[in-house]
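Right, one structure below, let's go through it.
The basis for the numbers below is simple: all heavy atoms, side chains too, and nothing from hydrogens, waters or symmetry mates. Remember, it's 1-based here, ligands and their atoms both numbered in the order they're listed. By convention here, the first residue in the shown sequence is residue 1. Please read these numbers as outputs of a predicted model, since none were measured by experiment.
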Amino acid sequence: MRDPDSELNELDQTGLRRQLRRIDSPQGVEITLTGSGKFLNFSSNDYLGLANHPANRESLKRNIDRYGTGSGASRLVCGSQSPHHELEEKLAALKNAEAALTFGSGFATATGAIPALCEKSDIVILDKLCHASLIDGARLSGAAMRVFPHNDLEKLSSHLSWATDKINADGRILVITESIFSMDGDRAPLKEICELVTPSPALLLVDEAHAFGVIGPQGRGLAAELGLEQQIDLQMGTFSKAAGLSGGYLCGSRNMIDLLVNKARSFIYSTAPPPSLVATISDCLDLIAGSEGDEMRSRLWTNIRAFDRESTSAIVPFIIGENEPALAASQSLQETGYLVPAIRYPTVPRGTARLRITFSAAHQPNQVSRLKQAIATIA
Ligand SMILES: *Cc1c(COP(=O)(O)O)cnc(C)c1O
């Protein structure tokens with residue numbers, strides 16, 4: 001029998017053992033680590049500073065008084081309350097889609113939706129750097145998987161031709177990418193991807209987890225910025241990042257969404273998210289899509305640009321390579337008061353351990369310039 005001690009030792013020896021950091025404070029740009037005091041946080045996906053924002057807090061308190069705390073059952077039993085339906089209608093309108101479906105998390109969205117859409121005789125084609133939830137969803141589906149090197153349009157095109165030749169008449173091909181990649185912060189060439197996929201028989205799923213709230217008109221994402229919403233069959237995202245709440249979503253045609261209601265196991269066999277939380281997500285969408293959201297995005301982009309003129313997202317990787325030096329860099333930043341964890345395998349490929357720096361609308365410009373100096377010092 002495999003001994004957990006020896007597995008943990010091996011992780012220790014290769015610099016891959018992970019440990020939880022305990023945070024005493026609410027989320028924010030200043031957080032308190034138990035026993036170590038206050039740090040400036042450059043590691044959160046709370047891009048708009050909404051995770052502890054008065055608007056979300058007041059909304060959630062109000063909605064708890066109105067709807068209570070739990071949903072009681074799964075959506076298909078008696079948990080499908082009006083806040084769920086209102087949120088899905090609002091989201092579909094915002095994303096220019098016919099319909100939308102919400103899940104308990106982004107992870108549950110991917111692992112529910114992909115196996116609902118694809119089965120053994122189908123083909124899933126993914127970018128090499130797709131998030132674990134997308135890969136796990138594809139694996140769970142049992143479909144044949146083809147991976148193309150990151151943003152490699154030629155290889156995507158050849159996988160698509162291969163799949164188009166091979167697929168049965170009633171089979172399905174699903175191409176999956178992210179719009180902003182979570183660990184590199186770069187953008188997918190979405191326009192070119194649409195040009196390849198739209199004329200083919202394949203469906204296209206784009207995960208906007210790190211673009212929603214941050215990029216595009218009203219923070220609607222990269223697809224909206226490029227005018228591609230109509231060409232993307234499935235627009236996926238999460239409320240756990242820029243919205244500062246929790247939950248995942250998928251937008252698509254009415255039929256596609258109805259199919260998910262009938263087949264997505266993480267939707268069917270999981271208790272519906274609390275109606276109070278869901279009603280607050282709706283309120284938060286209004287904020288994100290409105291003038292307050294625009295102001296937040298403007299502050300966020302000022303911060304991003306102050307750190308890195310070239311960056312096209314709120315995520316700036318600082319690639320170091322091996323695990324130990326990446327950990328040491330993170331540690332020395334922590335000693336000077338900055339929280340920027342090292343990201344290692346298996347979250348990123350071996351040999352590309354890095355600091356992953358993320359920005360928030362709530363950072364002060366002088367906090368960003370201080371971080372820049374601190375990183376220049378350790379580099
Ligand atoms: C964070 C993330 C998810 C998962 O979303 P959660 O709501 O945190 O479960 C899915 N896809 C990508 C690209 C992500 O970065």
Side-chain angles (χ1 to χ4, degrees), residues 27 43-48 50-51 56 87-88 91 95 100-117 124 126-141 147 150-151 174-188 190 193 204-216 219 221-223 232 234-251 260 264-267 270-274 277-278 280-281 284-285 288 312-317 341 343 346-349 354 356-360:
Q27 285 302 322
S43 65
S44 168
N45 302 314
D46 178 23
Y47 301 122
L48 299 179
L50 285 169
N56 271 349
L87 172 59
E88 286 162 356
L91 192 62
K95 290 285 202 168
L101 196 66
T102 56
F103 292 74
S105 70
F107 204 101
T109 306
T111 53
I114 299 168
L117 294 169
V124 178
L126 312 98
D127 187 286
K128 172 108 174 99
L129 295 188
C130 275
H131 188 261
S133 61
L134 301 167
I135 296 168
D136 287 4
R139 283 191 184 141
L140 262 175
S141 76
V147 173
H150 180 48
N151 284 346
L174 177 64
V175 174
I176 304 180
T177 188
E178 295 177 21
S179 60
I180 300 298
F181 283 83
S182 57
M183 295 299 136
D184 292 71
D186 60 340
R187 298 181 175 205
L190 269 193
I193 290 175
L204 177 60
L205 184 156
V206 176
D207 184 351
E208 297 248 38
H210 298 274
F212 179 61
V214 172
I215 286 168
L222 186 58
I232 296 171
L234 297 148
Q235 302 184 65
M236 181 183 142
T238 175
F239 306 119
S240 325
K241 287 165 184 162
L245 295 157
S246 140
Y249 68 83
L250 204 66
C251 301
L260 295 181
R265 293 168 67 83
S266 64
F267 177 84
S270 187
T271 300
L277 172 67
V278 171
T280 291
I281 298 173
C284 188
L285 287 194
I288 287 178
T312 54
S313 76
I315 303 161
V316 180
I343 308 283
T347 308
V348 295
R354 66 195 65 184
R356 173 183 182 266
I357 304 157
T358 50
F359 296 96
S360 163

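The two atoms that bring D136 and F107 nearest to each other are OD2-CZ, 3.7 Å, heavy atoms only. Summarising the geometry of I232 relative to A223, their closest heavy-atom pair is CD1-CB, 3.5 Å, with the distance given to 0.1 Å.
A donor-acceptor contact shorter than 3.5 Å links the side chain of S313 to the backbone of G185.
Checking each of Q235, E208, K95 against Y249 for a side-chain hydrogen bond (donor to acceptor under 3.5 Å, both in side chains) leaves exactly one that passes, namely K95.
Between the side chains of H150 and D186, at least one donor-acceptor pair of N or O atoms lies under 3.5 Å.
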Under 3.5 Å: N or O atoms of ligand 1 paired with protein N or O:
from	atom 1	to	atom 2	distance (Å)
ligand 1	7 (O)	G106	N	2.8
ligand 1	7 (O)	T238	OG1	2.7
ligand 1	7 (O)	S240	OG	2.6
ligand 1	9 (O)	G106	N	3.1
ligand 1	9 (O)	F107	N	2.9
ligand 1	11 (N)	D207	OD2	2.6
ligand 1	15 (O)	H210	NE2	2.5
ligand 1	15 (O)	K241	NZ	2.6

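Under the side chain to side chain donor-acceptor pair (under 3.5 Å) criterion, the residue pairs touching residues 100-115 are E88-T102, with sequence neighbours excluded.
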